[in-house]
Asks: 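Take this structure, written in structure tokens, and hold onto it; I'll ask about it next.
Everything quoted here is computed from the prediction, not taken from an experiment. Order of the sequence lines fixes the chain letters, A, B, ..., with proteins taken first and strands second; residue numbering starts at 1 for each chain.
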Amino acid sequence: EVQLVESGGGLVQPGESLRLSCAASGFSFRDYYMDWVRQAPGKGLEWVGRIRNKAGRYTTDFAASVKGRFIISRDDSKYSLFLQMNSLKTEDTAVYYCARDNWGIDFWGQGTLVTVSS
Amino acid sequence: QSVLTQPPSVSGTPGQRVTISCSGSSSNIGSHDVFWYQHLPGTAPKVLIHRNNERPLGVPDRFSGSKSGTSASLAISGLRSEDEADYYCSAWDDSLSGRVFGGGTKLTVL
């Protein structure tokens with residue numbers, strides 16, 4: 001059974017950093033691209049970014065709203081995906097979802113809440 | 001303002017058929033596959049349709065997808081109360097070099 005479990009969310013102040021993790025199981029993690037998607041309170045889904053697999057040289061793409069502030073990395077040996085969020089803004093407040101990318105997102109985690117507030 | 005345009009809401013009565021549209025452009029829907037998701041608050045979104053019109057295992061055949069040019073649509077037949085949820089379309093966008101979503105459509109079963 002495919003499982004994606006996010007962790008690391010919490011309350012931080014504007015300008016601070018936070019690192020989210022996603023533990024994957026039930027599929028060959030190393031073969032897939034992986035994405036992060038977020039949903040702000042009362043808003044729709046917003047794609048944050050993705051990381052390719054080893055064949056794609058682990059390169060990353062980001063939404064304009066987070067480019068230069070967020071970093072995505074992965075540890076294939078530990079079936080883990082990470083989202084390093086720096087210089088956080090109040091508008092980054094959202095539930096963050098880890099997702100498997102198979103020419104489109106085909107599986108999602110339950111999400112972890114990040115609140116940026118003073 | 002979302003790159004993909006969906007109606008904010010649709011409604012129907014049990015047993016009816018409803019459709020949700022998703023309008024894009026040549027850089028997204030016109031060039032790439034469309035995925036559809038069902039999202040209930042507090043839960044993980046679930047893929048209903050992938051690659052424009054394919055249903056993953058376990059998704060009832062009441063759900064169907066289609067695509068023509070730069071638009072796509074999701075049809076739900078035999079509407080049930082448990083279908084009440086938010087529905088999103090998504091595709092890759094070459095101009096933005098990123099994945100884009102529609103603004104979401106809230107389905108109400110009257």
Asks: Over 60° means perpendicular and under 30° means parallel, so classify the ring planes of B/Phe101 and A/Trp108, tilted if in between.
Replies: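 Ring orientation of A/Trp108 relative to B/Phe101: tilted.
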
Asks: Only pairs of heavy atoms separated by less than 4.5 Å count here; which of A/Asp35, A/Asp61, A/Val95, A/Ile105 has the most with chain B?
Replies: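 Highest number of heavy-atom pairs under 4.5 Å: A/Ile105.
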
Asks: Atom CZ in B/Arg51, atom CG in A/Asp106: separation rounded to 0.5 Å?
Replies: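 Taking CZ in B/Arg51 and CG in A/Asp106, the distance rounds to 7.5 Å.
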
Asks: Same cluster or not: A/Tyr58 versus A/Tyr32, using hydrophobic residues (I, L, V, M, F, W, Y) connected whenever any side-chain heavy atoms lie under 4.5 Å apart?
Replies: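 Shared cluster, yes.
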
Asks: How many angstroms lie between atom CG of B/Leu96 and atom CH2 of A/Trp47, to the nearest 0.5 angstrom?
Replies: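 One finds 9.0 Å between CG of B/Leu96 and CH2 of A/Trp47.
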
Asks: With the side chain counted from C-beta on, respond yes when B/Trp92 and A/Trp103 share a heavy-atom pair under 4.5 Å apart, and no when they do not.
Replies: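 No, every pair of side-chain atoms sits at 4.5 Å or beyond.
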
Asks: With hydrophobic residues grouped by side-chain heavy-atom distances under 4.5 Å, do B/Leu79 and B/Val10 end up in a single group?
Replies: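 They do share one cluster, since a chain of ILVMFWY contacts under 4.5 Å joins B/Leu79 to B/Val10.
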
Asks: For residues B/Pro45 and A/Gly109, report the shortest heavy-atom separation together with the two atoms involved.
Replies: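 Minimum heavy-atom separation between B/Pro45 and A/Gly109: CD-O, 4.4 Å.
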
Asks: Hydrophobic clustering (ILVMFWY, side-chain heavy atoms < 4.5 Å, transitive) - are A/Val37 and A/Ile72 grouped together?
Replies: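 No, because A/Ile72 and A/Val37 fall into different hydrophobic clusters, even though each may have its own neighbours under 4.5 Å.
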
Asks: Is B/Val34 linked to B/Ile49 within one hydrophobic cluster, defined over Ile, Leu, Val, Met, Phe, Trp and Tyr using a side-chain heavy-atom separation of less than 4.5 Å?
Replies: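 Yes, B/Val34 and B/Ile49 fall within the same hydrophobic cluster.
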
Asks: Given a strict heavy-atom distance threshold of 4.5 Å, which part of A/Asn102 is in contact with chain B: side chain, backbone, both, or neither?
Replies: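 It is both, since atoms from each part get that close.
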
Asks: Non-hydrogen atoms of chain A under 4.5 Å away: do they reach the side chain of B/His39, the backbone, both or neither?
Replies: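 Side chain of B/His39 only, per the 4.5 Å heavy-atom cut-off to chain A.
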
Asks: Determine whether A/Phe107 and A/Ile51 fall in the same hydrophobic cluster, where Ile, Leu, Val, Met, Phe, Trp and Tyr are linked whenever their side-chain heavy atoms lie under 4.5 Å apart.
Replies: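 Linked within one cluster.
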
Asks: Drop me the distance from A/Arg50's CZ to B/Ser97's OG, to the nearest 0.5 angstrom.
Replies: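 Answer rounded to 0.5 Å: 9.0 Å.
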
Asks: Determine the option with the most heavy-atom pairs under 4.5 angstrom with chain A, choosing from B/Gly103, B/Gly98, B/Gly104.
Replies: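 Of the options given, most contacts go to B/Gly98.
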
